[in-house]
There are 2 protein chains.
Amino acid sequence: MSRTLPHPTREQIELPLVLDCLSDPTRLAIVYQLAQQERVSSELCCGDFNGLAGKSNLTYHFAKLRDCGLMQTRVAGTNRFMRLRREDLEARFPGLLDAVLKSAAKDAERLQLVAECDVVETD
Amino acid sequence: MSRTLPHPTREQIELPLVLDCLSDPTRLAIVYQLAQQERVSSELCCGDFNGLAGKSNLTYHFAKLRDCGLMQTRVAGTNRFMRLRREDLEARFPGLLDAVLKSAAKDAERLQLVAECDVVETD
DNA sequence: TCGATAGTTAAATAAACATTGAACATAAGG
DNA sequence: CCTTATGTTCAATGTTTATTTAACTATCGA
């Protein structure tokens, strides 16, 4: 019934929680993917991450990312659209997100962040 | 008997491990304190962090910081001197450590990083 | 050689974490 | 209305984590 989800305010965003969130490979991949697609569209929905983990596991990671202030979730019909809270993060921790994203990009292979580009399903 | 401790090479430093290390408040405080004192002397020994946690707990955190490549430990007599692996981190993840340290500095109070400056013991 | 100092190791514990599967809820579309 | 597609919730699992206490090792200096 709840049309909106709880998010921390900008000021409530905490450094250790953000770092902890980014330290998990699955969540780092989510954030990375979100950042990659940003110039195309600033939002992605849950299903776009199905390659990274099972559905219910993703729900768990999305909640962590939302709770720590890394992303914003918008409910629309049966979909939840997410976007990075770039502005808030930049205001709170200048340069941090970019540094993490650049570092992740450098290690994309090692971290297995390389988007599978919607590989054709072989059913 | 081991005069030297094992450290990862520069190339072996992994982003998720580094972020995870920095996400713990105690370890973030250690790194912050290490960075603060850097212009005075690049090294500090275990005892300099006694305010942050118990001795054996510190040993645990030091090991994590060493294992992930954030700091270097040098054994000298009964002391172990630590320093940040700034160069290696900058080479691997440009701008990351500085961004974290600046973010931490902004939140120093909230994170209780404010060095107690060897407050006089009130016994 | 003795005692103090610096730090490690080991074992125990409680809490937090990531992952899974099954059941559920909600909305869109025929 | 019924079905399908999206995504959530809940409980169970096994793992990792941070912390504490106590016993230990090793070095320095008197």
**Q** Distance check: side-chain N/O of A:Thr59 vs OP1/OP2 of D:dT8, anything under 4.0 Å?
**A** yes
**Q** How many Å lie between CZ on B:Phe81 and C1' on C:dA6, as a whole number?
**A** 10 Å
**Q** Restricting to non-hydrogen atoms, name the atom on A:Leu15 and the atom on A:Phe93 that form the minimum distance, rounded to 0.1 Å.
**A** N-CZ, 3.4 Å
**Q** In whole Å, what is the span from the CG atom of B:Asp48 to the P atom of C:dG7?
**A** 8 Å
**Q** Which nucleotide sits closest to the side chain of A:Ser56: C:dC17, D:dT6, C:dA22?
**A** C:dA22
**Q** What's the closest nucleotide to the side chain of B:Thr26 if the choices are C:dC17, D:dT19, C:dG7?
**A** D:dT19
**Q** Is the count of non-hydrogen atoms from other residues, nucleotides or ligands lying under 6.0 Å from A:Lys106 atom NZ greater than 12?
**A** yes
**Q** Would you say D:dT6 has OP1 or OP2 under 4.0 Å from some side-chain N or O of A:Arg80?
**A** no
**Q** From C-beta outward on A:Asn57, which listed nucleotide comes closest to its side chain: C:dT19, D:dA22, D:dA18?
**A** C:dT19
**Q** Mind checking B:Gly54 for me? I need base, sugar-phosphate or nothing, with any heavy atom below 4.0 Å counting as a touch.
**A** nothing
**Q** The side chain of B:Thr78 is closest to which nucleotide in this list: D:dT8, C:dA6, D:dT17?
**A** C:dA6
**Q** Output yes when A:Asp24 and A:Lys64 qualify as a salt bridge under the 4.0 Å nitrogen-oxygen rule, no when they do not.
**A** no
**Q** Tell me whether the OP1 or OP2 atom of D:dG7 has a side-chain N or O from A:Asn79 closer than 4.0 Å.
**A** yes
**Q** Are B:Leu22 and A:Leu17 linked, directly or through intermediate hydrophobic residues, by side-chain heavy-atom contacts shorter than 4.5 Å (ILVMFWY only)?
**A** no
**Q** Between A:Ala76 and A:Ala53, which is nearer to the 5' end of DNA chain C once each is assigned its nearest nucleotide?
**A** A:Ala53
**Q** Rounded to whole angstrom units, what separation is found between the OH atom of A:Tyr60 and the P atom of C:dG21?
**A** 17 Å
**Q** Just the rounded figure in Å: distance from P of D:dG7 to CG of A:Leu52.
**A** 14 Å
**Q** How would you label the contact of A:Phe62 with the nucleic acid (heavy atoms, under 4.0 Å): base, sugar-phosphate, or nothing?
**A** nothing
**Q** Does a salt bridge link B:Glu14 with A:Arg110, judged by any charged N lying under 4.0 Å from a carboxylate O?
**A** yes
**Q** Whether B:Glu38 and B:Arg86 form a salt bridge (side-chain N of Lys/Arg under 4.0 Å from carboxylate O of Asp/Glu) is what I want to check.
**A** yes
**Q** Go through C:dA6, C:dT19, D:dT6 for me and flag the one nearest to the B:Lys55 side chain.
**A** C:dA6
**Q** One thing to verify: whether A:Lys102 and A:Asp107 come together as a salt bridge, which I'm taking to mean a side-chain N less than 4.0 angstrom from a carboxylate O.
**A** no
**Q** Round to a whole Å and report the spacing from CG of A:Asn50 to C1' of D:dT8.
**A** 14 Å
**Q** Tell me whether the side-chain N/O atoms of B:His61 come closer than 4.0 Å to OP1 or OP2 in D:dT17.
**A** no
**Q** For the helix from C:dT1-D:dA30 to C:dG30-D:dC1, what angle separates the axis at the start from the axis at the finish, each from five pairs, in steps of 10°?
**A** 20°
**Q** Could you state the CG-C1' distance from A:Leu28 to C:dC17, rounded to the nearest angstrom?
**A** 17 Å
